[in-house]
Amino acid sequence: MLDVYEAVTSRRAVRGFTDRHVPREALERVLSAAAWAPSGSNIQPWHAYVLTGGPLAELKKRAGARVVAGDAWDEREYEMYPPTLKSPYHERRSAFGKERYSALGISREDWEARQRAAAANWDCFNAPTALFCYIDRDMGRPQWADVGMYLQTVMLLLRAEGLHSCPQMAWSVYRRTVAEVLSPPDGLILFCGMSIGFEDVTVDYVRTGRAPLDETVTFVEG
Ligand SMILES: Cc1cc2nc3c(=O)[nH]c(=O)nc-3n(C[C@H](O)[C@H](O)[C@H](O)COP(=O)(O)O)c2cc1C
């Protein structure tokens, strides 16, 4: 069994999966344990849907058709990022984009190739399983943070099962298509999708870095 440090450091956003089936029992183990994630007043504000087989194929087909048609994105229910990202976030985001596309051999100017790479999101990077996480519309920022803790717990537990994942806000721009397949109750906002499966180790990637500790952590000591 992985220890917690190994689970944390071996998790990364994997963007290439094999067709290998993800056992339902593994998903149930992961989601049962992830339910122990903390939340303010234990309100557990997450609503997760797990999609496999025919329903996931249908979703990928519908989303893929929208990509091909150049369909406009659904109107946003939340902003993914502030309209202007100030320093140091802006620089970190640019560095990420550069690393990601250079791993794929795509230049900065090749807008079409970038679009094609982004479109892989809506094929779940070939993953055979996807999770969609909703939150009630009237929840506030602390509850969105609770959902984040839940999702990270899911991703770490997936590592213990030999599985990988990629969290995907990209699905929020096709949220209507997701809703056609899932029929969630009114009043929920789709926060993100998450591709889940076994890694395709033939897919190239560049491991993301992190800011040095003293950029993000301040020790105040007596
Ligand atoms: C909430 C959230 C949404 C994300 N959305 C996407 C996405 O739509 N597509 C994608 O390829 N990666 C997405 N990512 C993955 C991030 O790009 C990735 O976590 C980050 O670059 C750090 O890299 P690492 O996870 O490999 O360590 C998302 C991550 C988070 C936490």
List for me each residue that meets ring-ring contact (aromatic ring centres under 6.0 Å, His included) alongside Phe198, sequence neighbours excluded, and say none if there are none. none
I'd like to know if [Y] and [X] are part of one continuous hydrophobic network [Ile/Leu/Val/Met/Phe/Trp/Tyr, side-chain heavy atoms within less than 4.5 Å].
{"X": "Met139", "Y": "Met149", "result": "no"}
{"X": "Leu158", "Y": "Trp36", "result": "no"}
{"X": "Leu182", "Y": "Leu27", "result": "yes"}
{"X": "Val206", "Y": "Ile106", "result": "no"}
{"X": "Leu59", "Y": "Ile189", "result": "yes"}

Determine which pairs satisfy ring-ring contact (aromatic ring centres under 6.0 Å, His included) with at least one residue from [range], sequence neighbours left out, and list them in order.
{"range": "residues 45-70", "answer": "Trp46-Tyr150, Tyr49-Tyr134"}
{"range": "residues 85-115", "answer": "none"}
{"range": "residues 200-222", "answer": "none"}

Min side-chain heavy-atom separation [X]-[Y] under 4.5 Å:
{"X": "Arg159", "Y": "Leu157", "result": "no"}
{"X": "Leu51", "Y": "Thr129", "result": "no"}
{"X": "Leu151", "Y": "Cys133", "result": "yes"}
{"X": "Met155", "Y": "Pro167", "result": "yes"}
{"X": "Arg76", "Y": "Val173", "result": "yes"}

Heavy-atom count check: over 12 atoms from other residues, nucleotides or ligands less than 6.0 Å from [X] [atom1]?
{"X": "Arg141", "atom1": "CZ", "result": "no"}
{"X": "Arg20", "atom1": "CZ", "result": "no"}
{"X": "Trp73", "atom1": "CH2", "result": "no"}

What pairs with [X] under side chain to side chain contact (heavy atoms under 4.5 Å, CB included), at least two apart in sequence or on another chain?
{"X": "Asp3", "result": "Tyr5, Glu6"}
{"X": "Thr216", "result": "Arg92, Ala211"}
{"X": "Ala119", "result": "Val67, Trp122"}
{"X": "Pro142", "result": "none"}

Residue pairs passing the side-chain hydrogen bond (donor to acceptor under 3.5 Å, both in side chains) test where at least one lies in residues 59-71, sequence neighbours excluded: Glu58-Arg62, Arg62-Glu180, Arg66-Asp71, Arg66-Asp74, Arg66-Thr177
Quick note, side-chain hydrogen bond (donor to acceptor under 3.5 Å, both in side chains) partners involving residues 181-198, not counting sequence neighbours, are Gln168-Ser195
Taking all non-hydrogen atoms of both residues into account, name the closest pair between [X] and [Y] and its distance.
{"X": "Ala117", "Y": "Leu104", "result": "CB-CD1, 3.8 Å"}
{"X": "Ala26", "Y": "Leu163", "result": "CB-CD1, 4.5 Å"}
{"X": "Leu56", "Y": "Cys124", "result": "CD1-SG, 4.3 Å"}
{"X": "Ala160", "Y": "Leu2", "result": "N-CD1, 4.1 Å"}

Full working for side chain to side chain contact (heavy atoms under 4.5 Å, CB included) between Asn42 and Gln44: CA-CA 6 Å; Asn42 200 22; Gln44 305 157 66; 3.2 Å; yes
Does one side chain, of Thr9 or Arg11, offer a donor that lies under 3.5 Å from an acceptor on the other? no
Is it the case that Asn126 and Asp19 place a side-chain donor and acceptor less than 3.5 Å from each other? yes
Output yes when a side-chain donor or acceptor of Asp136 lies under 3.5 Å from a complementary backbone atom of Pro45, and no otherwise. no
Quick check against the 3.5 Å criterion: does Asn121 have a side-chain atom that pairs as donor or acceptor with the backbone of Ala118? yes
From [X] [atom1] over to [Y] [atom2], what is the distance, rounded to the nearest 0.5 angstrom?
{"X": "Ile135", "Y": "Leu190", "atom1": "CD1", "atom2": "CG", "value": "11.5 Å"}
{"X": "Leu156", "Y": "Gln152", "atom1": "CG", "atom2": "CD", "value": "4.0 Å"}
{"X": "Arg210", "Y": "Thr208", "atom1": "CZ", "atom2": "OG1", "value": "4.0 Å"}
{"X": "Thr52", "Y": "His21", "atom1": "OG1", "atom2": "NE2", "value": "7.5 Å"}
{"X": "Ile43", "Y": "Gln143", "atom1": "CD1", "atom2": "CD", "value": "4.5 Å"}
{"X": "Thr202", "Y": "Asp200", "atom1": "OG1", "atom2": "CG", "value": "3.5 Å"}

Run the numbers on Leu31 and Leu131 for side chain to side chain contact (heavy atoms under 4.5 Å, CB included), then give the verdict. CA-CA 11 Å; Leu31 294 167; Leu131 179 150; 3.8 Å; yes
side-chain hydrogen bond (donor to acceptor under 3.5 Å, both in side chains) evaluation trace for Arg12 with Ser10: CA-CA 6 Å; Arg12 58 186 176 79; Ser10 69; over 6 Å; no
Decide, yes or no, whether a salt bridge links Glu28 with Arg24 under the criterion of side-chain N to carboxylate O below 4.0 Å. yes
According to salt bridge (charged side-chain N to carboxylate O under 4.0 Å, His left out), who are the partners of Arg175, at least two apart in sequence or on a separate chain? Glu75, Glu77
Using a side-chain heavy atom cutoff under 4.5 Å and only I, L, V, M, F, W and Y, what cluster partners does Val14 have? Phe17, Phe125
Intermediate values then yes/no, side chain to side chain contact (heavy atoms under 4.5 Å, CB included), Tyr81 and Arg93: CA-CA 11 Å; Tyr81 301 98; Arg93 189 184 194 184; 3.3 Å; yes
Working for side chain to side chain contact (heavy atoms under 4.5 Å, CB included), residues Tyr78 and Met80: CA-CA 6 Å; Tyr78 69 88; Met80 286 193 204; 4.2 Å; yes
